[in-house]
Amino acid sequence: MAGYDPQRIEAKWQRIWEERDAFGAVDQDPARQKYYALEMLPYPSGTLHMGHMRNYTIGDAVARYKRMCGYNVLHPIGWDAFGLPAENAAIKRGVPPREWTNANIAQMKTVCKRFGFSYDWQREISTCEPEYYRWNQWFFLRMLERDLAYRKLSRVNWCPQCQTVLANEQVIDGFCWQHDTTPVESKEIEQWFLRITQYADALLEGIQELAGGWPERVLIMQQNWIGKSRGARVEFAVADVSVPPLEVFTTRIDTIYGVSAVLLSPAHPSVPQLLAGVPGSGSLQKQLQAMQQRSVKMEELATAEKVGFFTGRFARNPFSGERVPIWVANFVLAEYGTGAVMAVPAHDQRDYEFATKYGLPVKIVIQPSSGAPLRKDRMTEAYVEYGRLVDSGPYTGLASDQAVERMAADAAAKGFGRAETTYRLKDWGISRQRYWGTPIPVVYCRDHGVVGVGDDQLPVRLPENVTLTGQGKSPLANVKEFLQTTCPNCGGPAERETDTMDTFIDSSWYFYRYTDPRNDRAPFDKATAAYWFQIDQYIGGVEHAILHLIYARFFCKVMNELGLVDHREPIQRLFSQGMVLKDGVKMSKSKGNIVGAIEMADKYGCDTGRMYTLFAAPPEKDLEWSEQGIEGSSRFLNRVFRLVERHAERLRPVALDWSSQTDFARATAKEKILVRKTHQTLKRVTNDFEARWHFNTSIALIMELVNELTAQEPLDREVAPAVLKRVLSALVLMLSPMTPHIAEEMWEILGNPGTISAGGRTPGSGMAVWPPYREDLTQEEQVEIIIQINGRVRGKILVDSSLGEDETKDLAVSDSRIAPLVGGKQITKVISVPKKLVNIVLK
RNA sequence: GCGGAAGUGGCGGAAUUGGCAGACGCGCCAGCCUUAGGAGCUGGUGGCCGCAAGGCCGUAGGGGUUCGAGUCCCUUCUUCCGCACCA
């Protein structure tokens, strides 16, 4: 009896798996069905934390389960290696970003191997390598050719002291992360954008295809993110001065007779013209500047107090002819709609608050279809529902939905408006004024303007040996050898683009690269990718529900148009896992509550850690880390190991034969109990893997099976060795996707042939298969029926499971404990749920 | 602010389809074993009342639908996540 020694066992089996290349995926394997299991690639921050560990443990359990079910499984890993933290490390400590990144990758790779995750390491990729990022550039050039990439002015966070652009993360409560007394300003610069909005409808339609495979909440979030809304544009002519009419976008044209102002975004192009020549214009300009310099962050913008000022100008409501004041308001977004809205205080809450603050009139033009009519003197908030129009000229009396259509049509006919669909989705700004990212492959030529670099010039390499200061212009602008180049068109002098790409580009297509990671002629081979795609199961944190996943879907649609892939959605099934918490808050460096994965593996063994992360909570929910909880998992694995060791010697020579299942007619009572429990467990654990993914209940069920085995000791009496061998082998196989090392060891101790994990690129080398359950062996002979009176439990009876419904009801009513309670009262009805319950309803 | 979730014993959680609330584990209590125990084994463990049999209460709060509600509906509250330059 050696006892359970996780460190020894885990090293042993990891070595054997590696020697046998057990997890290699086979391209185009004709013998097996493919299964592509993928976890979101990590940013190599240095420590593999519990969030990663949880993600990979879930994915690994699924990959291993699918292999046991006979699939050719692709289960790769890579590194999302570009990004801000490497650059910050360089600024703070002078370590070159590549060095810092690669050291982190090496460290995290060691931890991944220590946990026995069944990756195909031959397909490992790192996005900061030119072999990878050249294809980012290639995709960019394809988009440039198709006018899907373009330049426009856009706002960035600007630190006047650093003289540099800041990421949102570097803006802390409106101040620069380096200078907490310097307020961050907003500044407009020319940047590159991708026309994701052109695919807004395609992305919406794709949601239909994803329904069922993706979590409902993620699809709803994406749908709201795209935010399609049908509305109308209406032109308000400007009075007294010659300024082009102000176009407002509204989804509620039916409320237009209630307009009390036109509100413009501080960035609206007509604002300067409107302010010119207005008395007191100087003070207004100052207010405008203050608004324009506010943070770029949406949540700060949205919670900021609503402020505005009257421009001194008026516009004309094209429907009523009324003169309405033109205001500038901070809550009107330049990027959405037309950057101008009509304020209808009575029927829009934001407008109501704005009007209350600044004393604008509130005019009711919609009355509820039912209930008490609105009264201005009793109003405490806007009435935003549809209703019936009042005080609306010729439209008075119409219902809102009719009015919306008719008024938009009339506006079009009269030439001052039209129905229009808008989206909340904005084009994807991909320019970053930073070093550690993919160089954008364009040059600026004096004669030819913006010119894309030729494919034969790729990759445009990121220069090494660059000193990063975190100050001034984009780091690449200071590298002469990089900056100065020639124009691909004319050969004349030209300058390279010095912005790099958003790292979301890297992660938008990386999963295709895994199918063909060393290809130097194309991002990937079409046929190979076609074999592996779509991704059967993608697993990652819910924080990526919107951005990463919508960008990835967008890329797929572009790739489809480029003829690289035939599908339009890359991911068939998505699973969003919960976070790992410590003491109720997210584990993070800033909180100082990180539990490192490697420390835990050293203390308990990785199988214990894997088991605990699966057991402590269902995977989609947040997981509270508990040191005591993990002790319980350790204890359980020790208990199972001792149980198997105790009986292994006797069972070793017995052949494992699934086909000769137990015949209940000749089975002992103990055998019946154990075989039933085993098949019930198999059935439910299989269901957990196939449908529910509630590994916490799978483990609870396996614990129950172990408890039952312990309760039936001594197991060398009244249990045939062949039966016990099947039971224990099934137990070990059920554990193996979750705790693979201890399972392999127990499989070997039991004298079973081969290994549980084998195959990979050398299939047919004795891999164990997931044992099927037999329905007839899960059935109990007797069932307990709950007897209720008026829905309250009053008794229980044990009946033959074959007993009919009516007989069961009769037995229940005449039961010795029930009869006295029923006696003399009138039975209204008796409700019966077969094999579960009888409810007697008394008057 | 907008969008998305969640709320069940001392704790993590279970209840898969509207049908015994608290599976499984942690912790705690008692006993056994042991030279010893932060090891192992056995049993107990939602609250209140009761010697017991048993009864009543109980799934964030309030209301509703139903023979029956943790589960469905309405409403209030609290917490967490995302919001486009962190990844």
Side-chain angles (χ1 to χ4, degrees), chain A residues 40-43 45 80 82-85 88 156-157 165-171 191 215-218 220-221 223-225 227 296-304 306 331 335 349-350 424-434 502-504 507 541-548 550-551 576 578-579 581 584-586 612 615-618 620-633 635-636 638-639 642 684 687-688 691-692 694 696-697 699-704 707 710 784-793 796 828-831 833 836-842:
Chain A
M40 289 180 184
L41 90 173
Y43 177 77
S45 61
D80 190 11
F82 273 139
L84 194 59
N88 290 345
V156 291
N157 300 305
V165 175
L166 298 178
N168 276 345
E169 199 185 50
Q170 297 170 315
V171 179
Q191 304 203 75
E216 182 91 25
R217 58 177 162 154
V218 173
I220 290 170
M221 279 193 258
Q223 195 167 331
N224 291 331
W225 187 258
V296 181
K297 283 187 176 181
M298 178 62 97
E299 68 270 32
E300 289 176 9
L301 216 63
T303 50
K306 291 176 181 57
F331 62 93
E335 298 86 358
Q349 189 56 30
R350 280 172 310 180
R424 211 184 70 99
L425 183 71
K426 296 184 288 190
D427 275 340
W428 177 9
I430 59 155
S431 285
R432 298 291 180 271
Q433 294 69 42
R434 274 182 256 291
D502 181 4
T503 57
F504 271 120
S507 54
V542 71
E543 65 272 21
H544 296 289
I546 295 176
L547 291 181
H548 162 56
I550 219 161
Y551 293 147
S576 293
M579 293 181 305
L581 310 177
V585 292
K586 187 173 175 170
Y612 176 69
F615 179 58
E620 75 276 11
K621 295 222 321 193
D622 290 348
L623 182 154
E624 174 68 35
W625 190 260
S626 141
E627 201 65 27
Q628 286 168 337
I630 196 165
E631 300 262 0
S633 296
R635 217 176 292 167
F636 171 74
N638 273 288
R639 213 150 68 86
R642 283 199 304 273
R684 295 180 61 186
N687 182 48
D688 276 342
R692 271 195 351 148
H694 278 196
N696 55 328
T697 59
I699 292 170
L701 290 163
I702 293 169
M703 285 172 167
E704 283 189 46
N707 291 345
T710 312
E784 193 176 55
I785 303 290
I786 304 304
I787 308 172
Q788 297 182 335
I789 293 175
N790 293 339
R792 305 185 73 98
V793 181
K796 301 169 187 190
T828 314
K829 56 178 161 178
V830 179
I831 288 152
V833 181
K836 281 220 172 103
L837 146 156
V838 173
N839 187 14
I840 302 160
V841 185
L842 300 179

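Keep in mind that what you see is a predicted model, and the values were worked out from it rather than measured.
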Polar side-chain contact [X]-[N] base: donor and acceptor under 3.5 Å:
X: A/Gln433; N: B/rC85; answer: yes
X: A/Lys836; N: B/rC20; answer: no
X: A/Asn839; N: B/rC67; answer: yes
X: A/Gln788; N: B/rG19; answer: yes
X: A/Gln628; N: B/rC28; answer: no
X: A/Glu784; N: B/rC20; answer: yes
X: A/Asn687; N: B/rU16; answer: yes

Give me the distance, rounded to whole Å, that separates [N] from [M] when you measure between the [atom1] atoms they each carry.
N: B/rC24; M: B/rU42; atom1: P; result: 13 Å
N: B/rA14; M: B/rC72; atom1: P; result: 15 Å
N: B/rA30; M: B/rU78; atom1: C1'; result: 39 Å
N: B/rU66; M: B/rU71; atom1: P; result: 16 Å

Can you check whether [X] has a side-chain N or O nearer than 4.0 Å to OP1 or OP2 of [N]?
X: A/Arg692; N: B/rA15; value: yes
X: A/Asn224; N: B/rG4; value: yes
X: A/Lys829; N: B/rC67; value: yes

(request) Return the orientation label for the A/His548 and A/Phe504 ring planes: parallel under 30°, perpendicular over 60°, tilted otherwise. (result) parallel
